[in-house]
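Take a look at the structure set out below.
First listed ligand is number 1; within each ligand, the first listed atom is number 1.
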Amino acid sequence: MERVGVVGCGLMGSGIAEIVARAGANVMIVEQDAEAMARGRERIEKSLSRAVAAGKVPEDEANRALANMLFSVDYADLWDRQLVIEAVAENEEIKLAVFRKIDAEVKDPDALLATNTSSIPIIKLAMVTKRPEHVIGMHFFNPVPVLKLVELISSLLTSPETSARVRAYATDTLKKRVITSPDRAGFVVNALLIPYLLSAVRMLESGFASAEDIDTGMVVGCAHPMGPLALTDLIGLDTTLAVAESLYEEFKEPHLAPPPLLSRMNQAGLLGRKTGQGFYSYKS
Ligand code: 3HC
């Protein structure tokens, strides 16, 4: 994979573009407008300079990675890509529209189309393309440059060759650990993680415990790197809500239904770190 495309340069897309470029590929990053593109570029530059300052990434590797990245607002610039990884907002309508556009522009008949969706069935995205056998789920974890896991999700129509090629790329080139999941809402990790986060929101909402005590309990008592409410702020309350809705739609179990507080905070635009306010404040 020498020519990779990444569509969407938000929290996840910027991390994916960073590691793909560091691994040596030329990356075409497509965003919806110039403003989103500038924000994405800045996020990548900040992440790389922090990694260089911490001695995690040699400076020449960071410079090479930046030189390997191209930014565009035109899907036609994906025409020569061998792999395109979609990482736009977790919204089915948006992702379906983006997949139609990617499929229309990518010319190589062997090119692979991957989605970083957290919960949308891979088959739904595959079916709006002319190449469902080349469509696969490639689910990364935030922060992408730090967390080693990738979930691979084949749909009922993904070919074994597609799965083998993406697995080899994730493990050998990106140096990630791969687990496989069936094409079910939430896949493996979010099917476990999201009900836990929703339980924490319900605990807070019912007055059972304070946000600080809930988080301290899990950090100090269970050695989690961060508590569930801080983690929800990191993931984004919009993404957490979207995954909860997908899980509830698929399984109809009450514990998967988003609690009202999560919905109200979404409606208020309190989405966590990305907006500066969630369960905690991130305004400096
Ligand atoms: N490249 C390489 N290394 C980097 C880096 C980069 N761009 N940026 C940071 N690092 C290194 C740092 O130098 C640091 O190294 P060290 O541990 O040796 O000092 C390490 O990565 C951690 O980085 P931070 O400085 O940001 O350190 P923190 O200690 O504050 O950790 C955290 C922050 C990594 C977010 C940690 O709290 C954590 O792992 N939290 C849990 C996150 C989690 O669960 N994510 C999954 C969410 S679910 C998801 O994403 C799926 C979706 O579908 C919902």
Legend entry - Selected option - heavy-atom contact closest to atom 18 (O) of ligand 1, from E90, R50, K56: K56
Legend entry - For H139, the ligand 1 atoms whose distance to one of its heavy atoms is below 4.0 Å: 51 (C), 52 (C), 53 (O)
Legend entry - Location of contacts on V189 toward ligand 1, heavy atoms closer than 4.0 Å: neither
Legend entry - Numbered atoms of ligand 1 (with element) below 4.0 Å of L231, judged on heavy atoms: 42 (C), 43 (C), 44 (O), 45 (N), 47 (C)
Legend entry - Check: M28 and S72 side chains under 4.5 Å, non-hydrogen atoms: yes
Legend entry - N-O pairing of E35 and R39 below 4.0 Å: yes
Inset, instruction - Keeping the roles fixed (side chain from K95, backbone from V88), state whether a donor-acceptor pair exists under 3.5 Å. - result: yes
Legend entry - Side chain, backbone, both or neither: the part of L147 lying under 4.0 Å from ligand 1 by heavy atom: side chain
Inset, instruction - Around atom 54 (C) of ligand 1, find the nearest protein heavy atom and jot down its residue, atom name and distance. - result: I235 CG2, 3.5 Å
Legend entry - Option set V144, V57, N116, V146, criterion heavy-atom distance to atom 23 (O) of ligand 1, minimum: V146
Legend entry - A114 versus L83, closest heavy-atom pair with distance: CB-CD1, 4.3 Å
Inset, instruction - Under 4.0 Å from a heavy atom of R22: give me the atoms of ligand 1 that qualify, with their elements. - result: 1 (N), 2 (C)
Inset, instruction - Determine whether the side chain, the backbone, both or neither of N190 has a heavy atom under 4.0 Å from any heavy atom of ligand 1. - result: side chain
Inset, instruction - Measure S47 to ligand 1 on non-hydrogen atoms and call it side chain, backbone, both or neither using the 4.0 Å cut-off. - result: both
